Amino acid sequence: MKIFNYSEARQNFSTVLNTALKEEVVITRKDGNKFKLTSINEGKKKEESPLEHIKGIKTNISMNDILAAIRESRERQ
């Protein structure tokens, strides 16, 4: 379950909806009221890529360096 306060939910509504596709979302207000948001698309939840949660690696490699390495690798084959 993911919890957002009202302001977060309003400012990031797309994120809130995407999260609700995967898990229950609770939105809280300053007055203490809580609201539960869930998807009604039963069985149609977006399949998550196994690579989605892998953090990026920070390097100083440029896009041109990457493309050159790919070209070189393909030429060897």
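As the structure is a computational prediction, the values presented were derived from the model and not from experiment.
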> So which residues get pulled into V26's cluster when ILVMFWY side chains under 4.5 Å apart are joined, directly or through others?
Replying inline: M1, I3
>> If the condition is side chain to side chain donor-acceptor pair (under 3.5 Å), which residues does D31 pass it with, not counting sequence neighbours?
In response: N33
>> Considering only residues two or more places apart or on different chains, which pairs with a residue in residues 11-21 satisfy side chain to side chain donor-acceptor pair (under 3.5 Å)?
In response: none
>> Test of understanding: with salt bridge (charged side-chain N to carboxylate O under 4.0 Å, His left out), list the residues that count as partners of R74, not counting sequence neighbours.
In response: none
> Under the 4.5 Å side-chain heavy-atom rule for ILVMFWY, direct or indirect, which residues accompany F4?
Replying inline: F13, V16, L17, V25, I27, L37
>> Using the side-chain contact (heavy atoms from CB on, under 4.5 Å) criterion, which residues pair with S73? Sequence neighbours excluded.
In response: Q77
> Roughly how far, to the nearest 0.5 Å, is OG1 of T38 from CG of L21?
Replying inline: 10.5 Å
>> Using the side chain to side chain donor-acceptor pair (under 3.5 Å) criterion, which residues pair with E75? Sequence neighbours excluded.
In response: none
>> Taking atom OH as the centre, does Y6 end up with more than 12 heavy-atom neighbours from other residues, nucleotides or ligands that are less than 6.0 angstrom away?
In response: no
>> Run the side chain to side chain donor-acceptor pair (under 3.5 Å) test against R71 and tell me which residues pass, sequence neighbours left out.
In response: none
